[in-house]
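Read through the structure below, which is laid out as C-alpha cells, and then see the notes.
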Amino acid sequence: MDLLSVYQRLLNHFGPQGWWPAETPFEVIVGAILTQQTAWANVEKAIQNLKRQGLLDVHALATASLGRIEECVRCTGFYRQKAARLADVSRYLAEKWGGDLDRFFAQPLEEARKELLALKGVGFETADSILLYAGGKPIFPVDAYTVRMCRCLGIEAKGYEELRAYFEERLPRDVELYKEFHALIVELGKNYCRKNDPRCSKCPLRQKRQK
DNA sequence: ACCCAGGTGGCCC
DNA sequence: GGGCCACATGGG
C-alpha cells in the first residue's frame with residue numbers, strides 16, 4: 001500500500017485533525033518542546049498557565065525567572081529541563097531575530113533547521129514539527145508513532161533522516177498534506193499502535209478496503 | 001502497582 | 001552509528 005493510500009485511509013477513518021492546535025507560531029514552538037514524551041492534555045494545561053502568567057511571548061519567556069517558568073510547566077514532566085529549554089529558545093529568538101519569527105523562518109530551510117537543531121532540547125522531531133507547523137515548511141516530522149506504523153507496514157528504515165526522506169520522496173510536496181498526515185499518524189498511534197495491544201488487528205490500515 | 005506519554009542529550013562501546 | 005539511561009508529572 002503506497003503512502004497516499006495510507007493517508008487516505010487514515011483521513012477517512014479519523015477525519016481531518018486540523019493540527020497544530022495553537023494560536024501563534026510561537027505557541028507551536030513552546031508546545032513542541034513541552035509535548036516531548038508527554039500527553040498533550042498536560043501540555044494544554046501548561047500553555048494555559050503560561051498564558052495566564054503573560055509568559056507566552058518570546059521576550060517575556062526570555063527574561064522570566066526559571067522558577068516562574070517551572071511553575072507553569074511542572075505538569076508536563078521533565079519540567080526543570082523544559083523550563084530551561086524554553087528560556088534558551090526564547091533568548092535565541094529574541095537576541096538573534098528580535099523575536100520576529102517571520103524573519104527567522106525567512107531563512108533558507110536548511111539554515112533554519114540547523115539553527116533549531118543547534119539548540120539544546122531541540123532534536124529532529126521537535127525541529128521538524130516547528131518548521132512544518134510554525135513555519136509552514138515542507139518537512140515531514142517522524143515520531144515514535146511513525147516508526148511503529150512503518151514497522152507494521154513493512155517499511156524498514158535505519159534512522160530518522162532516512163525515514164523522513166522516505167516520506168518526502170513519496171508524497172507530493174504539499175505542506176497541508178504533511179500537516180494532516182503527521183497528525184493522523186499520531187492519532188492512529190494513540191488509538192491502535194500501542195505496544196502489545198491486541199486491538200492492533202482492528203487497525204484501520206488492516207481493514208479491507210470496502211468497495 | 002504498574003505502564004505509557006506527539007523526545008533529547010550524555011555517556012559508552 | 002547504535003544501545004542505555006536520566007529526566008518527572010499525570011492519566012489510564
With heavy atoms under 4.0 Å as the rule, sort A:Gln81 into base, sugar-phosphate or nothing.
-> base
Going by atom types only, do A:Asn191 and A:Glu187 share a side-chain donor-acceptor pair under 3.5 Å?
-> yes
Contact check, side chains of A:Arg206 and A:Tyr192, non-hydrogen atoms, under 4.5 Å | no
Could you pick out which residue, A:Asn42 or A:Tyr160, lies toward the 5' side of DNA chain B when each is mapped onto its nearest nucleotide?
-> A:Asn42
Closest nucleotide of DNA chain C for A:Arg80 versus for A:Lys45: which of these residues is on the 5' side?
-> A:Arg80
Could you state the NZ-P distance from A:Lys190 to C:dG11, rounded to the nearest angstrom?
-> 15 Å
So what does A:Val43 touch, heavy atoms closer than 4.0 Å: a base, only the sugar-phosphate, or nothing?
-> nothing
Whole-Å distance, A:Phe124 CZ to B:dG9 P, equals 9 Å
Go through C:dA8, B:dA5, B:dT8 for me and flag the one nearest to the A:Phe78 side chain.
-> C:dA8
Please name the pair of heavy atoms, one in A:Glu27 and one in A:Pro21, separated by the smallest distance, quoted to 0.1 Å.
-> OE2-O, 4.1 Å
Here the distance between atom C1' of C:dT9 and atom CG of A:Asn49, to the nearest Å, is 13 Å
Using atom OH of A:Tyr145 as one end and atom C1' of B:dG7 as the other, report the distance to the nearest whole Å.
-> 12 Å
Examine the side chains of A:Gln48 and A:Arg52 and answer whether a donor and an acceptor come within less than 3.5 Å of each other.
-> no
Any side-chain N or O of A:Thr126 under 4.0 Å from OP1/OP2 of B:dT8?
-> yes
Return the value, rounded to whole Å, for the distance between atom CG of A:Leu117 and atom C1' of B:dG9.
-> 13 Å
Of A:Thr76 and A:Gly123, whose closest DNA chain B nucleotide lies nearer the 5' terminus?
-> A:Thr76
d(CZ, A:Arg85; P, B:dG7) in whole Å | 14 Å
Atom CD of A:Gln36 and atom P of B:dA5: how far apart are they, to the nearest Å?
-> 15 Å
With no hydrogens and no angle check, do the side chains of A:Glu168 and A:Tyr178 hold a donor and an acceptor under 3.5 Å apart?
-> no
Kindly say if A:Arg148 contacts the phosphate of B:dA5, meaning a side-chain N or O under 4.0 Å from OP1 or OP2.
-> yes
Side chain of A:Tyr79 only, please: which of C:dA8, B:dG7, B:dA5 is the nearest?
-> C:dA8
Looking at the side chain of A:Lys158, which of C:dG2, B:dG7, B:dA5 is the nearest nucleotide?
-> C:dG2
Any side-chain heavy-atom pair from A:Phe124 and A:Arg164 closer than 4.5 angstrom?
-> no
How close or far is atom C1' of C:dG10 from atom CH2 of A:Trp40, stated in whole angstroms?
-> 16 Å
Expressed in whole Å, how much space separates the P atoms belonging to B:dA1 and C:dA8?
-> 23 Å
Would you please confirm or rule out a distance under 4.0 Å between OP1 or OP2 of B:dG10 and any side-chain N or O of A:Lys120?
-> yes
If you look at every strand shown and take non-hydrogen atoms under 4.0 Å, does A:Leu119 touch a base, only sugar-phosphate, or nothing?
-> sugar-phosphate
From the options C:dA8, C:dT9, B:dT8, select the nucleotide whose nearest atom is closest to the side chain of A:Arg74.
-> C:dT9
